[in-house]
Amino acid sequence: PISATISADKIPALDKRTQDGGTEVVEAKAGKGSATLSMAYSGARFGNKVLKGMAGTPTDECAYVASTVTDLPYFSSKVTFGKTGVEKIHPVGALNSYEEGRLKEAMDQLKTEIDKGLEYIAGK
């Protein structure tokens, strides 16, 4: 994987920078804009992948889906879109110890958010 080519001491800073990417864009624009174009591009790319898959050309992209990849009922994973929508949910793959820790943190937060959403849907 590409992460194996990055020295371990650089990963935490890259992780933080990726997580705070939207804020970094706003700061770079000195408060005169947002990361809206980044979100629009991401949405257009995602829509294009779904449509290509449904047109018969299988395409891979990340999506937040009902999943058994983890213990959570929903998870964001690499999926393959095809004629029927999501045709395959790919496993997470090998992680180093830093990535395992970050995945655990994310899953803890995500579990709370999923539980809230399910309670809301159930009318509680």
Starting at OG of S67, measure out to CD1 of I89 and round the result to the nearest 0.5 Å.
4.5 Å
Interatomic distance, CD1@I114 vs CE@M107, rounded to 0.5 Å, equals 8.5 Å
Are there over 12 heavy-atom neighbours, none belonging to D71, within less than 6.0 Å of that residue's CG?
no
With heavy-atom distances below 4.5 Å as the criterion, would you say the side chains of L118 and Y74 are in contact?
yes
Looking at side-chain heavy atoms only, is the closest gap between T80 and V86 below 4.5 Å?
no
Quick check: do F81 and D60 have side-chain heavy atoms less than 4.5 Å from each other?
no
Hey, any chance L103 and V69 share a hydrophobic cluster, counting ILVMFWY side chains that come within less than 4.5 Å of each other, even indirectly?
yes
Does the side chain of Q109 reach to within under 4.5 Å of the side chain of E105, using non-hydrogen atoms?
no
Any side-chain heavy-atom pair of V79 and C62 under 4.5 Å
no
Quick one: pull up CD in E61 and CZ in R45 and give me the separation to the nearest 0.5 Å.
4.5 Å
Taking everything shown except Y64 itself, do over 12 heavy atoms lie less than 6.0 Å from its OH?
yes
Distance, nearest 0.5 Å, that separates CG of L14 from CD of Q19
13.0 Å
Which heavy atom of Y98 sits nearest to which heavy atom of P12, and what is that distance?
OH-CA, 3.5 Å
Taking the side chain from T57 and the backbone from G53, do they hold a donor-acceptor pair closer than 3.5 Å?
no
Evaluate the side-chain proximity of E24 to R17: yes if any heavy-atom separation is below 4.5 Å, no if none is.
yes
Keeping the roles fixed (side chain from T70, backbone from L72), state whether a donor-acceptor pair exists under 3.5 Å.
yes
Contact between K29 and V26 at the side-chain level, heavy atoms closer than 4.5 Å - yes or no?
no
4.5 Å side-chain heavy-atom contact, L110 and F75
yes
Just by modelled atom types, is the N96 backbone N or O under 3.5 Å from a matching donor or acceptor in the E99 side chain?
yes
Would you say E87's side chain and K83's backbone share a donor-acceptor pair under 3.5 angstrom?
yes
